[in-house]
2 protein chains.
Amino acid sequence: MTTELTSGARPGVPTLDQVAVLAGVSRATVSRVVNESPRVSPEARVVVQAAIEQLRYVPNRAARSLVTRRTDTIALVLSEPNSQVFSDPFFAGIVHGVSAALAETELTLVLLTARDAREQRKIARYARQGHVDGVVLMSLHSEDLLPDMLSEVAVPLVLCGRPHDGREVAYVDADNRGGARVATEHLLGLGRRRVAALTGPMDLIAGVDRHAGWVQALADAGHEPDPALVVHGDFTEAGGEAAMVRLLDQAPDLDAVFVASDPMAVGALRALRTAGRRVPDDVAVVGFDDAAVAATCDPPLTTVAQPLDRMTTELVGLLRARIAGEAGPAETRTCPTRLVRRASA
Amino acid sequence: MTTELTSGARPGVPTLDQVAVLAGVSRATVSRVVNESPRVSPEARVVVQAAIEQLRYVPNRAARSLVTRRTDTIALVLSEPNSQVFSDPFFAGIVHGVSAALAETELTLVLLTARDAREQRKIARYARQGHVDGVVLMSLHSEDLLPDMLSEVAVPLVLCGRPHDGREVAYVDADNRGGARVATEHLLGLGRRRVAALTGPMDLIAGVDRHAGWVQALADAGHEPDPALVVHGDFTEAGGEAAMVRLLDQAPDLDAVFVASDPMAVGALRALRTAGRRVPDDVAVVGFDDAAVAATCDPPLTTVAQPLDRMTTELVGLLRARIAGEAGPAETRTCPTRLVRRASA
DNA sequence: ATGAAAGCGCTAACAT
DNA sequence: ATGTTAGCGCTTTCAT
């Protein structure tokens, strides 16, 4: 009696019932086949699979998730008012990497962007509606409210990048501080004495950490950081060029510079050339890889490689572990960076 | 009697029933308030809203979409094996624009990427599962199978970019042909006689159309297109530089060049400079805007502006119309391009 | 191994 | 204007 009521539904979109009728079994058996339960006889499985093929049946996700309370979907949230961040190779790399890591699984990726408070609320609401099993959040700026908003929603959450404050939350980050330290040590090891730092904005944790690594390397070597040797860029090529000009003005005697991002390093190189300083004979430069921009530089730049692939793998792994309840709410992973010396032209 | 069964559910996630009980009304009334039906008394509305606030109630999407057969979600599908496409400013611009256009609505965006056949199947399946109300598909290459796969799924579909064959499908595209024609006319109007074309790959419809525009402008002016004046790039900066080198070799007497994309134009400019040709005195160049890369060029380039904002607006508008059943399956929109002359340095 | 039946949370007739 | 009721398509005990 139940089955004949199904006739009122949309034509062309088969349901479990229809498969069951065609296969001559019950709904439960079809469900078991679809969900790969071992409690099905081989014969039944064959019959059901044939019916599924014939009808081109695909389970209705809404119905399934209504009962299982899973959605098999995770969200990647980009919280950043600046819209050109989309073409930023670092963001692009993260999006791509997460998407690739998920391709191997049954999970699908939902990309959400928050450019203003309105969109932030929409995202928090979306998460609370239970439309995703978990979320990866990229939020760089210290004053961003979204991390708090999402923490309040009862959904597994992993941040991409260490949070600015010391909050208790799961995150994955590159070893920014270690990378900057190694880069600076490399320059000191070359015998340079006046190693400047072209760092990033200090409201970005990556900027803070990379600056801290430079300071530490100098301290370890017994140098005291000279304020004249520090200048802040905005992680862009143009910003890097401008910052390098200021740096040359502040400290004309510098003989090396650690640049806290690759695009800035490209700009810095240009500024150095314009100023008539030879690279690397005159000034040694090490960049910090956001996506290997500097690989195409002339002269080729020694850079700190940022482990994008590793980060995205960890991000997805940690989130899945959290969804499965196998990882704590504040578990963290730091992905090692490494120095890459490129052949000099 | 129904309500007390609810007790077995997840704690902390309130349902319609619980709101109804707290407000002292029926589920139906709560549903009406949530869905802004006019058939509710002001008093009831107030009581219900208070209960919603108190319980922090948010409707369960799965349950809703199970009955309404809507998901309030649309997918933006990027079908492109090349993974670096993510940082391509054109793609980034489309993603950003669509996302922005949707921010004003109740719809959410799901970004899906297909890099290989496996991912393509996953996407087709996802669409068939009824998890989205419609899809915007960016598929550039002529041999891509995804357009066919998605056409077979009964879901409103709009392509970003004219399909390569003459298939019957809704799409939105820039006026690539018209833009190329105007660019070439501009060069001819400057008095140039040997107007070369640095075009894109011919398996991309944008490449084909821009090339066709150049041919048409020459034909209209009574010139016959000289094969030596044509060379194909790959829409990238490096490709543009290499192509320009070939072009100079093939046709050393060229006095102008229409370049079918901005990044290529930047590369072409560099090649011209290296070859000792002065721009624009010696060789006039017009680029084709993929995301205003050329705006930062030196010398500033006259470019054909591609209406990204317009395209994304149309894309979303057309898809929504299709979802509402207000637009045919093969309705198309072409967004006008225009020539932008930049002040010479 | 299989089927019957209950119910996930919601909307939408249909009554009143 | 409000309540009652019948499902949407699926999973999952609980029997058999």
Side-chain angles (χ1 to χ4, degrees), chain A residues 1-21 23-48 52 55 57-72 128-131, chain B residues 1-48 51-52 55 57-72 128-131:
Chain A
M1 291 304 264
T2 315
T3 0
E4 68 188 23
L5 289 173
T6 317
S7 56
R10 299 173 300 179
V13 183
T15 68
L16 245 200
D17 285 82
Q18 297 175 21
V19 176
V21 171
V25 298
S26 74
R27 293 212 304 269
T29 300
V30 178
S31 178
R32 289 186 187 107
V33 171
V34 170
N35 295 293
E36 292 170 323
S37 157
R39 301 176 152 335
V40 188
S41 68
E43 307 84 59
R45 171 165 289 122
V46 170
V47 182
V48 169
I52 288 176
L55 259 28
Y57 168 77
V58 187
N60 178 315
R61 281 242 201 178
R64 171 180 283 175
S65 104
L66 183 56
V67 31
T68 61
R69 290 161 179 317
R70 284 184 296 101
T71 61
D72 295 326
R128 200 169 325 114
Q129 274 181 321
H131 227 356
Chain B
M1 290 307 260
T2 313
T3 0
E4 68 188 24
L5 288 175
T6 316
S7 53
R10 298 173 301 180
V13 183
T15 68
L16 246 198
D17 285 79
Q18 297 174 21
V19 176
V21 171
L22 180 59
V25 298
S26 73
R27 294 212 304 270
T29 300
V30 177
S31 177
R32 288 185 187 107
V33 171
V34 170
N35 294 293
E36 293 171 323
S37 156
R39 299 176 152 341
V40 189
S41 68
E43 307 84 61
R45 171 164 289 121
V46 170
V47 182
V48 170
I52 287 176
L55 260 29
Y57 167 77
V58 187
N60 178 317
R61 280 241 202 180
R64 171 182 283 176
S65 105
L66 184 56
V67 29
T68 60
R69 291 165 175 316
R70 284 185 295 102
T71 60
D72 295 326
R128 201 169 324 113
Q129 274 182 321
H131 227 1

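All values below come from the heavy atoms of this structure, side chains included, with hydrogens, waters and symmetry mates left out. Lettering of chains follows the sequences in order, A, B, ..., and the numbering in each one begins at 1.
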Exercise for review: Five pairs at each end of the helix from dA1(C)-dT16(D) to dT16(C)-dA1(D): take the axis at both ends and give me the angle between them to 10°.
Suggested key: 30°
Practice item. For residues Arg69(B) and Val13(A), determine if any side-chain heavy atom of one lies less than 4.5 Å from a side-chain heavy atom of the other. Key: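 Sidechains of Val13(A) and Arg69(B): no contact.
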**Study point:** Heavy-atom side-chain proximity of Asn35(B) to Arg64(B) below 4.5 angstrom
**Key:** yes
Exercise for review: Check DNA chain D against residues 34-42 of chain B and give the residues with a non-hydrogen atom under 4.0 Å, in numerical order.
Suggested key: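 Output list: Arg39(B), Val40(B), Ser41(B).
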Practice item. Nearest 0.5 Å please: distance from the CG atom of Leu16(B) over to the CD1 atom of Ile52(B). Key: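 So the gap between those two atoms works out to 8.0 Å.
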Review point. Listed by chain and number, what are the side chain to side chain contact (heavy atoms under 4.5 Å, CB included) partners of Leu66(B), not counting sequence neighbours?
Key: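 Partners of Leu66(B) under the side chain to side chain contact (heavy atoms under 4.5 Å, CB included) test: Asn60(A), Ala62(A), Ala63(A), Leu66(A).
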Point to revise | Whole-Å distance separating the CG atom of Leu55(A) from the P atom of dG9(D) | key: 13 Å
Review point. So, for Val30(B) and Ala20(B), which heavy atoms are closest and what is the spacing to 0.1 Å?
Key: CG2-CA, 3.6 Å
Exercise for review: Would you name the heavy atoms of Tyr57(A) and Thr15(A) that are closest together and state the gap between them?
Suggested key: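 Taking Tyr57(A) first and Thr15(A) second, the nearest heavy atoms are CE1-C, 3.6 Å.
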Practice item. State whether Ser31(B) places a side-chain N or O below 4.0 Å from either non-bridging phosphate oxygen (OP1 or OP2) of dT11(C). Key: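 Yes, Ser31(B) has a side-chain N/O under 4.0 Å of OP1/OP2 on dT11(C).
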**Study point:** N or O in side chain of Arg61(B) less than 4.0 angstrom from dG9(C) OP1/OP2
**Key:** no
Exercise for review: Could you tell me whether Ala62(A) contacts a base, only the sugar-phosphate backbone, or nothing, with contacts defined as non-hydrogen atoms closer than 4.0 Å?
Suggested key: nothing
Review point. So, the side chain of Arg61(A) versus the backbone of Gly130(B): is there a donor-acceptor pair under 3.5 Å, distance only?
Key: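 No: the side chain of Arg61(A) does not pair with the backbone of Gly130(B).
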Review point. Between Ser31(A) (side chain) and Arg27(A) (backbone), is there a donor-acceptor pair under 3.5 Å?
Key: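 Absent.
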Using a cutoff of under 3.5 Å, can you pull out all pairs of nitrogen or oxygen atoms linking the protein to nucleotides 3-5 of chain C, with atom names and distances?
residue: dG3(C); atom: OP2; partner: Ser26(A); partner atom: N; Å: 2.8
residue: dG3(C); atom: OP2; partner: Ser26(A); partner atom: OG; Å: 3.0
residue: dG3(C); atom: OP2; partner: Thr29(A); partner atom: OG1; Å: 2.8
residue: dG3(C); atom: O6; partner: Arg32(A); partner atom: NH2; Å: 2.6

Point to revise | Residues in side-chain hydrogen bond (donor to acceptor under 3.5 Å, both in side chains) contact with Asp72(A), at least two apart in sequence or another chain | key: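 Counting only residues at least two positions away or on another chain, Asp72(A) forms a side-chain hydrogen bond (donor to acceptor under 3.5 Å, both in side chains) with Arg70(A).
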Report all side-chain donor-acceptor pairs from residues 38-48 of chain A shorter than 3.5 Å, counting only partners two or more places apart or in another chain.
residue: Ser41(A); atom: OG; partner: Ala44(A); partner atom: N; Å: 3.2
residue: Arg45(A); atom: NH2; partner: Ser37(A); partner atom: O; Å: 2.8

